[in-house]
Every structure is written in structure tokens, then in C-alpha cells.
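Here is the structure we will look at, set down as C-alpha cells.
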2 protein chains.
Amino acid sequence: MEALPRDTIVDVLEERLREDILAGRHPVGSLLPPERRLADGYGVTRTTLKHAFGRLVQAGLLETRHGVGTRVRDFARLGGADLLPMLIRHSPDWIGEIFEVRRSIGALIAERAAERATPAHRAELAVRLAEVRAAEGGEGVQLADIEVHRALARATGNRVYVLLTNTLFNAYLPVRAALVSPFTDPESAYRRLEPVVAAVTAADRAAARAAAEEYLTETERLMMDGLRKKEEG
Amino acid sequence: MEALPRDTIVDVLEERLREDILAGRHPVGSLLPPERRLADGYGVTRTTLKHAFGRLVQAGLLETRHGVGTRVRDFARLGGADLLPMLIRHSPDWIGEIFEVRRSIGALIAERAAERATPAHRAELAVRLAEVRAAEGGEGVQLADIEVHRALARATGNRVYVLLTNTLFNAYLPVRAALVSPFTDPESAYRRLEPVVAAVTAADRAAARAAAEEYLTETERLMMDGLRKKEEG
DNA sequence: AGTGGTTGAGTGGCTGAGCCACTGGACCAC
DNA sequence: GTGGTCCAGTGGCTCAGCCACTCAACCACT
């Protein structure tokens, strides 16, 4: 069982500051109020506020300069893909765009994997795929499913594809996890993944690309349907 | 002129901790020494250490649990593409892999841009391209060059491509900036970019992809050559 | 023996007061 | 004008201390 620590004050404060920034209450390019005043306003110590600031600076949302102040960065223009999880939480309309990119890159990865997977990579793919079918519990299936995609990315022989896969997963996984079927049914997950792994294992680039595209298109459709139903219900 | 604030203690400490982690002196999955001891070891206050910790947690390198300790995350398996800048600083052999991905995604972006750029997007591309030629000073050319790529990403109509472009740029830009020619000569930069913009403006998908691929292959060659020379010299 | 509650050492979370270092505009002397 | 000085306001950092949480050892009762 996974221990679930409850949010700390810094977590809450960070989230609130982030929300205030993303909502434009602290406009891009503007100087935030001084730390002492802001800390007072949020009812926390300056030290605590600075911890939250530190994270937001790291995330690329803020920029502090000694003796001057703290400025809101133009994250929409300059930010990296690691902003996606917070952007999607603030406005879910990003999901369509994320998924288009996921589809293109997923196809790219499958093609490269088919081209360059070593025997060891193929063996790992087989294992990961089997684990999907054998997984118990909805959460287990989802985790096993992700491992198949990580293995596909690893099979390209290019570690950057693994990182990219993680970035995109981090962006839309919380959304996906909120839906139930069909990501939690072992047999259904297995059936949808199998053709991709088969094509990669067969070293058939075109088939791998096509299978990945089909899989990801289907996944997108399932997610969008699930979201729509959730909205209505 | 850009003000260049010198590193703060937290910056230095963060870098040192990061280096210790990436070098495996704090193995993945292991528990770090307690904050009090570690702070003492680095000769800083616990508060300062915690500020550095906060950033590394945000970056996905550490994981703290109240009452237990701070653990080193398996960033190679679970990390996102935002880790690239620090990974490349620690071991430059990432650059080849980064550039392969940049090439594939750059081609993808050019193709999508050719497919979907609006008249407004085309106008912006023309402006950005002209700015490259008109830029003065090596740094100015490099910045203008980046703006062309951002404009290309924007022209896809998908904001995720912009974020992805930024992520990859952030990864290898420091390396590129260390080289001199040909990224600092306005005329040479213009000549290399022009065919890509022309193909996108002409809405010719295949030509756009081909031009982008050629541009990026050439860029990679120039960077690798530059690095090799630097190594020798 | 087995079960369940209690305790305490060790850990990170957070505070508040205080001093230091930097920036930039106002002011002054020339 | 020009250049220098000053100072109010800002973020950087420290310190000492208390709080909250976790886990394993221990104990009391069955």
C-alpha cells in the first residue's frame, strides 16, 4: 500500500500562487508584491513563502532578482513541456492538443523501435505486455500499460524518447486515471497494445507506425468519450 | 543589457547536490542523510538546504516524506524532458540523442505548419525571418533564430509544439551558444532558415518536411564539428 | 504465543526575528 | 549636465526552536 502524505502548507500555498498566476491575477511580466507583504497576505511566514517561490521559480513561472523583486515569467512563450500538468489542471482544453502530439510522437517512437530494437528490447516488450494481461486491479493495469510504452521508448535506443514519453504521460495521466474502463480491464488493454508490440518485434517499420497510430487514435477517442460522459453525468 | 546576477548560495548548493546525485554519490532509491547532518556537512543552515531540496524535489530528483527522510528518485526511468538541461551538463553524450529527436520533431512541426498555418502565422514567419537578417551582434542573431523556430511551432496551431520546442532548445542551447560561427552570422543564419519558411509559406507539406530535415541535419553537423574543434583546441 | 496499544528517538515541516547584500532612484557637489 | 553618494526597499540567508509525523521497540493484556 502506498502511503499518501497529506499536503503541506507549502504545497497548498504553491498551488494557490500557481492558480493566481495562471488565472492572470498576477499578470505575466508584472512584479509580485514584496515577499513580506505577500507572506502576510497569505498568512504564512516569509520563509514558507520563499519555499513556495523556490518551486515556482524552478518550474519557470517566476523569476526573482535580489534587490528588485519577483516577476511573473512569460511561461506561455518561454515555458517547457513540463508545464503541461499544471496547465491542463487549470484549463482542460489542452488535452486535445496534447493528444495530437502524443499521437505523432508515439508513431515516431514505434517506427524507430521497429527499426532499432535489440533482442533484449524485444524480450522486455514481451514481458511488459504479458504483465498487462496478468495485472490485477484497475490501477495495476494502468501501471503495466505505462510500462509497455516506456519499454517501447527504450527500444528506440534513444533515452530522450523515454523522457518525452514521461513528460506527455505526466500531462494527461491524471485525466486518464479519472476514467474507469477500458484502461482498467486487463484483457481489453492487452488486445489494444498487442498489435503495436507485434509489429515492433517483427521489425516492420510501416506496420509499427500504423499500429501505434491506430492505438493512439483509439485511446484518444476513449478518453474524449469518457470525459464527455463525465461532464454530462 | 541583461543584468547577470551572480549565483546565490542556494544555487551553488543545488548544483552540488545535483551533481552528487547524477554522479551516483547518492544512489537512486537511497535515503539521503538527515537534513541536519547534511546541512552541517555542506556548511549551510538547514533552512538553506531545504530551499535547495525544494528545487530538486520540483525537478523530480528528490522525494521527501515527513518523518521518514528524503529519497533519490529514479529520474532516468520516471523523469521528464525538463531534466535534459541538467543531464546534458553532467554528461554531454546526451547531445546526439537530443538532436536526433529535435530533427524528427522539427520535421513534424514543419509539416504541420505547412498544413495549417494561417495568413497571420505566415506574416509572422516573414517578420521573424527578416529579423534574423537584420540582427546585430552574435547574440542577437541567435535570439532571432530561436524566434523563427518558435514561430514555426506556433504556426502548427498546437501550443504543445511550442512548449516542446522550448524544452529541446533549453536542453542544447547552452551548448550551441558556446560555439561561434555559423550561428552568429546573420546572412548565413538567414540562408539556412529561408527554405524552411518558404516551404511552409507555400503550404507544401513534403517540401517543408524535407527543408526542415535538411536544416536540422546541417545544424547538427555544424554543432558536432564545433564541439570537436573545441575539444581538440 | 499472539494481539493491540504506547512510547520515544529520529526525521522533516514551519515559524519569527534578525541581519546581510543588492538595486535603483533621489539628491547633492562639482 | 555629470558624476558620486546615500538610503529606502527588496530579496538572500541564518539561527534557534518548536511542531508533526513515522517507525520500530516495547509493554500489557488476552
Side-chain angles (χ1 to χ4, degrees), chain A residues 1-18 20-21 26-75, chain B residues 1-18 20-21 26-75:
Chain A
M1 197 43 59
E2 192 65 19
L4 238 296
R6 82 173 209 289
D7 282 359
T8 68
I9 295 187
V10 178
D11 290 333
V12 176
L13 181 59
E14 178 197 353
E15 182 59 33
R16 197 158 151 201
L17 279 165
R18 205 212 309 276
D20 284 347
I21 292 167
H26 298 304
V28 164
S30 72
L31 220 47
L32 252 52
E35 295 184 350
R36 295 167 225 269
R37 187 139 57 86
L38 207 51
D40 201 54
Y42 283 114
V44 299
T45 317
R46 197 172 145 228
T47 315
T48 304
L49 182 83
K50 283 175 82 59
H51 274 110
F53 267 25
R55 298 196 198 171
L56 295 172
V57 167
Q58 174 73 25
L61 257 56
L62 296 179
E63 198 173 17
T64 68
R65 281 180 57 195
H66 195 172
V68 180
T70 301
R71 200 172 287 281
V72 180
R73 285 221 327 160
D74 188 354
F75 50 90
Chain B
M1 198 44 56
E2 190 65 18
L4 238 297
R6 83 172 211 291
D7 282 359
T8 67
I9 295 187
V10 178
D11 290 333
V12 176
L13 181 60
E14 178 197 353
E15 181 59 33
R16 198 158 150 201
L17 278 165
R18 204 212 307 277
D20 284 348
I21 293 167
H26 299 303
V28 163
S30 72
L31 220 46
L32 253 51
E35 295 186 350
R36 296 168 227 269
R37 187 140 57 86
L38 207 52
D40 201 54
Y42 283 114
V44 298
T45 317
R46 203 175 138 222
T47 314
T48 304
L49 182 84
K50 283 175 80 60
H51 275 110
F53 267 25
R55 297 196 199 170
L56 295 172
V57 167
Q58 173 72 26
L61 256 55
L62 296 180
E63 199 172 16
T64 70
R65 281 181 56 195
H66 194 172
V68 180
T70 302
R71 200 172 287 281
V72 179
R73 287 222 325 160
D74 188 353
F75 51 89

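All figures in this text were calculated on a predicted structure; none of them were measured in a lab. In what follows, chains are A, B, ... by sequence order, proteins preceding strands, each numbered from 1.
Computed from coordinates, the Leu38(B) CG to dG10(C) C1' distance equals 16 Å when rounded to whole Å. At whole-Å resolution of the value, CG in Leu31(B) and P in dT22(D) are 14 Å apart.
Each of Val10(A), Leu61(A), Leu38(A) was compared with Phe53(A) under the side chain to side chain contact (heavy atoms under 4.5 Å, CB included) criterion, and only Leu38(A) meets it.
The side-chain heavy atoms of His51(B) and His51(A), taken from C-beta on, include a pair separated by under 4.5 Å.
Not one side-chain nitrogen or oxygen of Thr45(B) sits closer than 4.0 Å to the OP1 or OP2 atom of dC13(D).
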Hey, mind stepping through Val72(A) and Leu62(A) against side chain to side chain contact (heavy atoms under 4.5 Å, CB included) and telling me if it holds?
CA-CA 5 Å; Val72(A) 180; Leu62(A) 296 179; 4.1 Å; yes
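A distance of 8.0 Å separates CZ in Arg71(B) from CD in Glu63(B), rounded to the nearest 0.5 Å. The CD1 atom of Ile9(B) lies 14.5 Å from the OH atom of Tyr42(B); values are rounded to the nearest 0.5 Å.
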How does each nucleotide of nucleotides 5-12 of chain D score, in 5' to 3' order, for protein heavy atoms under 4.0 Å: base (B), sugar-phosphate only (S), or none (-)?
----BBBB
